[in-house]
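In what follows, every chain begins at residue 1, and chains take the letters A, B, ... in the order their sequences are listed.
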Amino acid sequence: METRNMVLLDIDYVTQDSKPVIRLFGKDKGSNDNNTIIALDKTFEPYIYVIPYDIGLCQHELENLGLDKIERIQKKDLGQNREILKVTLKHPQDVPELRDDIWNLSQVKEIREHDIPFYRRYLIDKGIFPMSQIKIEGNIIESSPCVFSASENTLLLEIEKPPQKLESDFPELKILSFDIEVRNPDGMPNAEKDEIIMVGISGNMGLDKVISTKGQHLDFVEKVNTEKKILEKFAEIVKNYQPDVIVGYNSDNFDFPYIKDRAKLLGVKLDLGVDGSELKFLRRGFANSASIKGIIHVDLYLVMRRYMHLDRYTLERVYQELFGEEKFDLPGDKLWQYWDAGGESLEQLFRYSLDDVQATYKIGEKILPLNLELSRIVGQPFFDLTRMTTGQQAEWFFMRKSHEYGEIAPNKPSHLQHSQRRGKSVEGGYVKEPEKGLHENIVQFDFRSLYPSIIISKNISPDTITLDEENSYIAPESGYKFLKEPPGFIPSVIGQVLDERSRLKRKMQKSEDPMEKKILNVQQEALKRLANTMYGVYGYSRFRWYSIECAEAITAWGRDYIKKTMEKAKKFGFHSIYADTDGFYATYHPEEKEK
DNA sequence: CAGAAACGGGG
DNA sequence: GTGTACGTTTCTG
């Protein structure tokens, strides 16, 4: 038996002898040669929860379906203890196949946690976090790349650091950015006819170049003879460089699909994966994600759309916003003319290509740390996290907590439920239209984090909603009631996030080490963003813990607090001239003060 | 006017 | 892949 430490970059499963095998892709960051490690775990099995009407009869029905691993277990469902059935299946693909048969059984009331991808189930159940150090134990079955395998009855993983401790070692990542240019005489490029003329590559290990079939006179250009050679060179550089992360801009929908199409046309193999697998595309609804096994491909366009609010998210616009300087830009529809013209124009095109790929790299360098932290906090793979909405990020964080608390998670809403939810709107915060005119001697009042305070102090949660008048908080307007005790699931988790953020902020303020300060700042920023998302999730129509009652109660209490505060202020002579949600502006009129 | 379709980014 | 984006704007019948 051998042990290794590695940073967990990626996870999936493959099927061997019709059994699922979890694969953990990591890098041994302790070693000098940046070794890739693939750890295999054959000991994990898929399962679902069944809520029965009569547990004995239900168990019998399930056995009649041919299911042989059925356990009676205790779980909480929105705070209520329940005896339910855990049904273990042989293969993840059995779940969608058997789900309907199980659902049709007369004693089955509900099926829960039946839609959790197998690798996510693994991360949650094992309590391991992507982008963190994990310790693995097993037998080496191959040396290059290093493949580990857990023996039949041993536990493969040991959690190096407890999940609560966020400030584990910040992994130094090898990042590679890339960007292609295409000769496009007819507007937007068409992969069937328009050739790739340049591939720009930039990385943090002293790599800045453009591969092209022209331009031998420029020092940053590597000239090759054919388009096919450009693609081969690109593949070669990626394989030699061994990046942890590849970044592009709109690369899910443009660069990688284009490269793939041209490579197919020209007969180039793009076996870039650390296991030798080819670049492939994962379907996500109507969109695709470009995926390379063992390397995390991040499309920065998707990340930037969540990170900041802009009217447009072009590379130029985002770069200017982040760095306050203009990028060197050329008109997209004329790029082919610069290429054909040669001379000065061609040189400009080369500079544009280099500038684009360097800008992409700089954007990645700037925003990846925050997303890296979010990946470690939320506990989902970095690749997945960068493609999730903030609502989904919060939900997967709650999914982990739910498992930790011994709760079974609510199901995702059905199509019908979802459309019904979307039809309902929640009244927002109180807004008083500003009084016209120029006001002097203005005072300002703000509640510090109004909504989170309300959720926590009023214990607003789907598992605390009650009809009991006695021991509950009663919301204004609607009169929804929430138990004072015990603490609800959602308020508890939000409370934890806020407490952890305060702890990190205090630690950051005390810290003397600038590097540590910087890391702590990113971590507290990640928690702040997560918390900010959490206040709105009750109204997010796809949220498993969606509750219109909770959403309405929060804003109703918010309106109540701000209005009461304004009334009180008025008695002291403060005349409010404008208010919005959690604060107001007022002018002071001592003569109006109540005596 | 409602529901369908297009759009974003990329060259 | 234990799966099928997303929220908004513009078009069309």
Among dG11(B), dT2(C), dG3(C), which nucleotide sits nearest the side chain of F118(A)? dT2(C)
Taking CD1 from I116(A) and C1' from dG3(C), how many angstroms apart are they, rounded to a whole number? 13 Å
Looking only at atom P, what distance separates dC6(C) and dG1(C), rounded to whole Å? 14 Å
Nearest-neighbour nucleotide for the F254(A) side chain, dG11(B), dT2(C), dA5(C) considered: dG11(B)
Tell me: OH of Y258(A) to P of dG11(B), nearest whole Å? 12 Å
By nearest atom, which of the nucleotides dG9(B), dG1(C), dG11(B) is closest to the L282(A) side chain? dG1(C)
Taking dG11(B), dG3(C), dG10(B) as options, the one with an atom nearest any side-chain atom of E316(A) is dG10(B)
May I ask you to verify if any side-chain N or O of Q93(A) is less than 4.0 angstrom from the OP1 or OP2 atom of dG3(C)? no
Categorize L302(A) for me: base, sugar-phosphate, or nothing, with a 4.0 angstrom heavy-atom threshold over every strand shown. nothing
Heavy atoms only, 4.0 Å cut-off, all strands: where does D194(A) land among base, sugar-phosphate and nothing? nothing
I want to verify a distance call: between dT2(C), dG11(B), dT8(C), whose nearest atom is closest to the R422(A) side chain? dT8(C)
Side chains of Y319(A) and K362(A): any donor to acceptor distance under 3.5 Å? yes
Closest approach to the side chain of Y540(A), judged atom by atom: which nucleotide of dG3(C), dC6(C), dG10(B) is it? dC6(C)
Closest to side chain of L315(A), choosing from dG10(B), dG8(B), dT2(C): dG10(B)
Measure the distance from CD on Q393(A) to C1' on dA5(C) and round it to the nearest whole Å. 14 Å
Please determine, by modelled atom types, if D125(A) and Y47(A) share a side-chain donor-acceptor pair under 3.5 angstrom. yes
Using only side-chain N and O atoms of Y13(A), determine if any of them is under 4.0 Å from OP1 or OP2 of dT2(C). yes
Using heavy atoms to find the nearest nucleotide of DNA chain B for G187(A) and R305(A) separately, return the residue whose nucleotide is more 5′. R305(A)
Indicate whether OP1 or OP2 belonging to dC6(C) is found under 4.0 Å from a side-chain N or O atom of R542(A). yes
Ring geometry between F350(A) and H217(A) (parallel below 30°, tilted from 30 to 60°, perpendicular above 60°): perpendicular
Gap in Å between the two P atoms, one belonging to dT8(C) and one to dG9(B), rounded: 15 Å
Which part of the nucleic acid does E97(A) contact within heavy-atom distance under 4.0 Å: base, sugar-phosphate only, or nothing? nothing
Just to confirm, is there a sub-4.0 Å distance from OP1 or OP2 of dT2(C) to any side-chain nitrogen or oxygen of Y119(A)? no
Would you mind reading off the distance between R284(A) atom CZ and dT4(C) atom P, rounded to a whole angstrom? 12 Å
Rounded to whole Å, CZ of R387(A) lies from P of dG9(B) at a distance of 17 Å
Using a 4.0 Å heavy-atom cut-off, does D356(A) contact any base of the nucleic acid, only the sugar-phosphate backbone, or nothing at all? sugar-phosphate
Rounded to the Å, how far apart are F286(A) CZ and dA4(B) C1'? 12 Å
Output yes when R544(A) and D115(A) qualify as a salt bridge under the 4.0 Å nitrogen-oxygen rule, no when they do not. yes
Side chain of Y249(A) only, please: which of dG10(B), dC6(C), dG3(C) is the nearest? dG10(B)
note: N184(A), atom CG; dG10(B), atom P; distance rounded to Å ~ 13 Å
Closest non-hydrogen atom pair between E227(A) and T213(A), with its separation: N-CG2, 3.8 Å
For dA5(C) and dG8(B), measure between their C1' atoms and round to the nearest Å. 12 Å
Euclidean distance, atom CE of residue M198(A) to atom P of dG10(B) [Å, nearest integer]: 17 Å
Distance below 4.0 Å between K90(A) side-chain N/O and dT2(C) OP1 or OP2: no
Which nucleotide in the list dG11(B), dT2(C), dA5(C) gets nearest to the side chain of P46(A)? dT2(C)
Could you tell me whether R312(A) contacts a base, only the sugar-phosphate backbone, or nothing, with contacts defined as non-hydrogen atoms closer than 4.0 Å? sugar-phosphate
Which of M198(A), E181(A), K223(A) passes side-chain contact (heavy atoms from CB on, under 4.5 Å) with V210(A)? Answer is M198(A)
Going by heavy atoms in the side chains, are F383(A) and S291(A) under 4.5 Å from each other? yes
